Amino acid sequence: MRRLVTVNAAPALGRRSLLVGALGVGAAGALGVAKATPSNAAVAAVAAVARPTIASCATWGAQPATGTVSMTGPPQKILVHHTASANTTDYSQAAAYSLARNIQQWHFARGWIDSGQQFTISRGGYAMEGRHRSIEGLGSGSSTVFPLGAHCTGQNSTSIGIENEGTYTSALPTTAQWNALVTLCAYLCQTYGLGPEDIYGHRDFLDTDCPGDAFYAKLPQLRSEVAARLGTSNPPPAPTRTWPTLQQGTSGFRVTTAQYLLRHSGRSLTVDGAFGSGTKAVVVSFQQSKGLTADGVIGAATWEAPLAVTCSQGQTSDAVRGVQTALTAQGYAVSVDGVFGPGTASAVKSFQTAHALDADAVVGPNTWSRLLA
Ligand SMILES: [Zn+2]
């Protein structure tokens, strides 16, 4: 998903090459802090995230690519990798540059024309260009192109890859490395108009351990920290739906529907439209099974646990009886037989159209919440 975020004012092209030249002098201590060059100072005045120091291919001593590095874009996501190499305690710049050269050699050996990933972050926190032209791809801040990589089959033309030095099946990245990753991801999101939700782990797209169980489990935190840097909400809020609150003493079609749904969950109770102590006990049981506060009151959390399961054509169940009960109460002539056939599908579509919902005849949470309004 793409979202609008504050984008850098574009420095003039001539100044950009000066800027890239300055960025070639890498220093991990400067990550996240704008260098005091005139052009960067001007950018920092309007940018939420200053461009981090990224050592160029020339700086770390890359060999030329063995083929033409073509540009693609715009990127739709950022993929996080680990190198699955040793968790070195040599945090020096020299070790970082050596790592970048090694990765390029490993990737040449796979038959690739250059490093597969666009960026690399060492355990010492040094951010480096991977594939040639990756810094060029960052362009003026309004650029949407990046070099076509080779880090994840099927995703290379739509994603930017970041290799993080180390093996993170149980260990975690160093603090310096983590901070550099947060800064680089935030800058990439800002530059390319991506949101924190566009950050993924390699394993989200391929059957691989990468970036390791421990690191992968930290990706929600990475998205949160990137969101904080971007000044966006954290994480993107789920669409808010309105649900009725049902509790002991209430009655009517919503209670009847809830009772059908409780029965669908495998519990036995009488469906009579009256929320008595028997219904409350069953609600408590349902809530306990979902790890919810077991107060016997059906509110938003319980509806979305989900008690209101998604129903579609072809199903026969008590949940479908619940759908049909609500449709009937909303004025649609359907029989409450538990069979989701063409008649029920047609009624659902009419209801969805009338309420500006996607008219797909599938009763998901949005349609459910409107049916119960
Ligand atoms: Zn990977």
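Along the sequence shown, residues carry numbers from 1. As the structure lists them, so they are numbered: ligands from 1, and atoms in each ligand from 1. As the structure is a prediction and not an experimental result, all values here were calculated from the model.
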Go through the side-chain N and O atoms of Tyr216 and Asp209 and say whether any donor and acceptor fall under 3.5 Å apart.
no
What about Tyr332 and Val320, same hydrophobic cluster or not, with Ile/Leu/Val/Met/Phe/Trp/Tyr joined at side-chain heavy-atom distances under 4.5 Å?
yes
Using a distance threshold of 2.8 Å, what protein N/O/S atoms lie below it relative to the Zn ion (ligand 1)?
His81 ND1, His202 ND1, Cys210 SG
Report whether Tyr260 and Leu307 are members of the same hydrophobic cluster (ILVMFWY, side-chain heavy atoms less than 4.5 Å apart, transitive linking).
no
For Gln330, enumerate each residue passing the side chain to side chain donor-acceptor pair (under 3.5 Å) test, keeping only those at least two apart in sequence or located in another chain.
none
Taking the inter-plane angle between the rings of Trp243 and Trp303 on a 0 to 90° scale, is it parallel (under 30°), tilted (30 to 60°) or perpendicular (over 60°)?
parallel
Answer yes if the side chains of Thr88 and Glu165 hold a donor-acceptor pair under 3.5 Å, and no otherwise.
no
